[in-house]
Every structure is written in C-alpha cells, then in structure tokens.
Amino acid sequence: MTEATERFFESLPARAPEVLVSPVSGTMQIDLAQGTRTVHWLAHLRPGAIEVSRNRGPADAIWYTSEELFDRLVTGRAQAISSVLRNESSFSGDVVLFLLFRRFFPDPPGTRDPREAARAQLGRLR
C-alpha cells in the first residue's frame, strides 16, 4: 500500500462535509489488488460524513482495482470513470455510490476551473 493511498483514506472523514452534500447513503467496498494479495477498504458514506475501515463486509457496491491504478487516482494522474470504461477496474452494485466516492479524488495536475479561466480571459479583454 502506498503512502499516498494511506493518506487519501485518512483524509476522507475531514473532507466529507464538503464532498458528501447529496442525500445518498450506502456502503462501498474498495478492493485493491497487487499480485495475489488484495487489500480491502470499507467506506460507509452518508450525507456529510464517511467512516473508513480496512475490513470486508456487506456492501451496496464493490469497486475492484489495482493498487497502482488507485495510487494514480489519488494523485490526480488518472480518472475513476475512465478506468472503469477502459476495463482497468471493475465496479458492481449501486453506481451512485461510485459516482459520489469519485468526488474525493483530486483533479489532474494543472487543471483549472473553467469559470476561473473564463474570468481571467474576460479580464484580459476589458
């Protein structure tokens, strides 16, 4: 398990109030594979809060990916939805939980909010 992944999961409870603003609740299991070993994380999501543990358990959704890909996700070098569409990871269960959880991942390095870019462009035109 990489340090970036560990820090990512540790940061989730503090970041949850700003990320989990929808009324969706549920449990998602994240399985990170490396060779023949799989590390499990269980995330209980609810509005404004998340509880994370290194357990397996009953889950409304399961996301299976490699540790290497997940490390790229937590550093903004990959995108969650793209990884599923390319079959680099797989997902089963309540897709709304996956869409909600992906909001915790950072934007790619160098990404700017398009509204800020438009404001800057507008300021140069005046």
Side-chain angles (χ1 to χ4, degrees):
M1 177 84 40
T2 67
E3 187 177 326
T5 297
E6 290 281 345
R7 281 191 318 242
F8 171 78
F9 280 110
E10 289 171 2
S11 75
L12 296 182
R15 297 174 47 220
E18 66 186 40
V19 174
L20 299 176
V21 295
S22 75
V24 176
S25 294
T27 302
M28 189 164 101
Q29 181 174 304
I30 299 107
D31 292 343
L32 305 178
Q34 183 170 27
T36 59
R37 182 177 61 92
T38 302
V39 176
H40 307 282
W41 291 88
L42 197 61
H44 300 282
L45 297 93
R46 62 182 187 277
I50 187 171
E51 295 172 23
V52 180
S53 65
R54 292 183 87 168
N55 298 319
R56 293 179 73 172
D60 302 304
I62 299 174
W63 184 19
Y64 185 81
T65 188
S66 69
E67 283 187 346
E68 187 272 329
L69 175 59
F70 200 80
D71 187 52
R72 291 192 341 236
L73 291 165
V74 302
T75 57
R77 295 178 289 138
Q79 297 297 310
I81 291 177
S82 298
S83 73
V84 172
L85 294 175
R86 279 192 235 113
N87 289 326
E88 295 173 337
S89 65
S90 62
F91 182 83
S92 64
D94 188 349
V95 72
V96 173
L97 294 175
F98 174 73
L99 295 174
L100 192 60
F101 186 80
R102 75 179 175 92
R103 295 182 64 209
F104 283 106
F105 295 122
D107 292 327
T111 301
R112 291 181 20 188
D113 184 326
R115 294 168 293 194
E116 291 176 17
R119 285 185 203 112
Q121 182 67 26
L122 185 60
R124 284 193 293 263
L125 294 175
R126 291 185 180 176

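No experiment lies behind these values; they were computed from the predicted model shown.
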Do [X] and [Y] share a hydrophobic cluster, counting only Ile, Leu, Val, Met, Phe, Trp and Tyr and linking them when any side-chain heavy atoms are less than 4.5 Å apart?
X     : Y      : result
Leu85 : Ile30  : yes
Val21 : Leu100 : no
Val19 : Leu42  : no
Trp41 : Met28  : yes
Ile81 : Val74  : yes

To the nearest 0.5 Å, how far apart are [atom1] in [X] and [atom2] in [Y]?
X      : Y     : atom1 : atom2 : result
Arg102 : Ser83 : CZ    : OG    : 11.0 Å
Leu69  : Leu32 : CG    : CG    : 9.5 Å
Asp60  : Gln29 : CG    : CD    : 11.0 Å
Glu68  : Glu88 : CD    : CD    : 8.5 Å
Ile50  : Ser25 : CD1   : OG    : 11.5 Å

Quiz item: Donor-acceptor pair, Asn55 side chain versus Gly57 backbone, under 3.5 Å?
Solution: no
Quiz item: Between Phe104 and Leu20, is any pair of side-chain heavy atoms under 4.5 Å apart?
Solution: yes
Any idea which heavy atoms bring [X] and [Y] closest together, and the distance?
X     : Y      : answer
Leu73 : Phe105 : O-CD2, 3.6 Å
Pro13 : Glu10  : CD-O, 3.5 Å
Thr75 : Ala4   : CG2-CB, 4.1 Å

Quiz item: With a 4.0 Å cut-off, would you call Arg72 and Glu67 a salt bridge?
Solution: no
Practice problem: Could you tell me whether Arg77 and Asp71 have a side-chain N and a carboxylate O separated by less than 4.0 Å? | Solution: yes
Practice problem: Just do the side chain to side chain contact (heavy atoms under 4.5 Å, CB included) check on Leu45 and Thr27 with the steps written out, would you? | Solution: CA-CA 6 Å; Leu45 297 93; Thr27 302; over 6 Å; no
Quiz prompt | Ser89 and Trp63: side chain donor to acceptor below 3.5 Å | solution = yes
Quiz item: For the ring pair (Phe, Tyr, Trp, His ring centres under 6.0 Å) test, which of Phe101, Phe98, Tyr64 pairs with Phe91?
Solution: Phe98
